[in-house]
Amino acid sequence: MPELPEVETYRRFLDEIILDQPITAFEVHDAHVLGTDEDTLRQRVVGQQVTATRRIGKNCFLELTDGTALVLHFGMTGDVGAYRDDHDMPRFTRVALHLASGLRIAFIDPRKFGRIRHTESVSHYQKAKKLGPDALDVTAAHLQHVLSAKKGLIKPLLLDQSITAGLGNWIVDEVLFQAKIHPERRGNTLTAKEFRTLQVAIQLVLSTAISHEATYRHFPASFLIHAREWDTSATPGTEQHRFCPRHPKVEIEKSYVGSRATYVCPRCQPAPDCIK
DNA sequence: CGCTATGTTGATGT
DNA sequence: GACATCAACATAGC
């Protein structure tokens with residue numbers, strides 16, 4: 001479920017096991033997840049070492065000795081794993097990097113929406129893909145500058161990776177709930193104060209999620225995420241959290257905004273006067 | 001069986 | 001150009 005907190009967790013995991021070891025093989029089990037030609041990829045990677053890991057938004061970069069980089073994007077269901085023997089290879093491993101130490105790094109992705117690419121440099125890739133500033137670095141001034149010029153709905157705007165990189169569907173709902181802003185507000189209707197609140201909420205949600213390694217059920221009770229349907233099924237035995245954390249009698253409402261499932265507290269996040 | 005799903009991209013329409 | 005909508009991608013899990 002890779003949004004920014006998961007990708008950051010994967011990056012930290014990789015950073016601990018992959019650095020400064022020669023890559024001895026690039027094993028492809030399903031070329032569907034390759035965004036760069038397989039032979040090119042193998043040729044550019046085997047024999048090199050990963051010198052550093054980086055992350056922008058939902059993209060994880062493995063920088064190589066020659067300054068180029070592998071880009072990992074995890075789509076909807078991507079994950080990483082490590083193993084040593086073939087028979088321990090995780091289910092749905094699509095690509096495996098073999099290290100000289102014998103450890104193997106698995107790119108796991110059941111639904112194959114993820115991609116592995118090679119790029120000349122991280123900054124080159126950021127520019128080519130028009131990635132905005134990482135959500136952990138974004139300032140209130142940047143948000144105000146860009147969003148106050150937009151007439152679109154705030155939720156789809158926050159999901160736009162060229163405005164700020166790393167916010168996904170549930171994170172945006174959580175951020176807007178924490179900031180007490182309705183997802184159908186228009187970008188150009190937010191006040192300077194609300195942009196500051198938004199930036200603080202982004203920091204709160206992301207740092208909380210990362211500190212729990214993106215394990216949602218460990219998040220504080222003040223978070224809206226517990227009201228999402230899949231959370232109740234993920235925590236059998238736990239009573240359903242259908243109500244607002246701040247208003248025990250107000251039920252969380254589900255709707256679709258920009259054709260994405262959206263959860264809102266109707267009390268905390270008043271709908272704009274003019275819907276539509 | 002039918003339905004939903006965390007992301008991204010591209011086509012199409014207004 | 002700005003904005004909205006929707007299909008497509010491939011598959012699991014309920």
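Basis for what follows: all heavy atoms, side chains included, without hydrogens, waters or symmetry-related copies. So that the names make sense, note that chain A is the first sequence line, chain B the second, and so on, each numbered from 1. If you're wondering where the values come from, they're calculated on a predicted model, not measured in any experiment.
Paired regions of DNA chain B, where each region holds three or more successive Watson-Crick or G-U pairs whose two hydrogen-bonding distances fall under 3.5 Å, are B:2-5 with C:11-14, B:7-14 with C:2-9.
Both the sub-6.0 Å distance and the 45° axial angle are not jointly satisfied by A/R115 relative to the ring of A/F107.
Rounded to whole Å, the C1' atom of B/dT6 lies 22 Å from the corresponding atom of C/dA4. Atom P of B/dT4 sits at a distance of 14 Å from the matching atom of C/dC6, rounded to the whole Å. To the nearest whole angstrom, the two P atoms, one in C/dA7 and one in B/dC3, are 14 Å apart.
Note on A/K155: every side-chain N or O is 4.0 Å or more away from OP1 and OP2 of C/dA4. For A/H73, a side-chain nitrogen or oxygen approaches OP1 or OP2 of B/dT8 to under 4.0 Å. At the phosphate of B/dG7, OP1 or OP2 sits under 4.0 Å from a side-chain N or O atom of A/R260. Dashed line: the shortest gap from a side-chain N or O of A/Y256 to OP1 or OP2 of B/dA5 is under 4.0 Å.
In the hydrophobic cluster analysis, where Ile, Leu, Val, Met, Phe, Trp and Tyr join through side-chain heavy atoms closer than 4.5 angstrom, A/I105 is grouped apart from A/F92. One hydrophobic cluster, built from ILVMFWY side chains closer than 4.5 Å, cannot hold both A/I116 and A/V122; they sit in different ones.
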Can you give me the N/O atom pairs linking the protein to nucleotides 9-14 of chain B at distances under 3.5 Å, or say none if there are none?
from  : atom 1 : to     : atom 2 : distance (Å)
B/dT9 : OP1    : A/K129 : NZ     : 3.2

Listed pairs, N/O of protein and of nucleotides 11-13 of chain C, under 3.5 Å:
from   : atom 1 : to     : atom 2 : distance (Å)
C/dT11 : OP1    : A/K112 : NZ     : 2.6

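Between A/N188 atom CG and C/dC3 atom C1' there is a gap of 12 Å when expressed in whole angstrom units.
Each of A/A261 and A/Q161 was assigned the nucleotide of DNA chain B with the nearest heavy atom; the assignment lying further toward the 5' end belongs to A/A261.
Comparing atom distances between the A/M76 side chain and each of B/dT8, C/dA4, B/dA5 picks out B/dA5 as nearest.
The aromatic rings of A/Y125 and A/F61 sit perpendicular to each other, their planes meeting at more than 60°, with 30° as the lower class boundary. By the 30° and 60° cut-offs, the orientation of the rings of A/W170 relative to A/F219 is tilted.
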Go through the steps for A/K155 and A/D173 under the test salt bridge (charged side-chain N to carboxylate O under 4.0 Å, His left out), then give the verdict. CA-CA 8 Å; A/K155 171 161 178 175; A/D173 280 3; 2.8 Å; yes
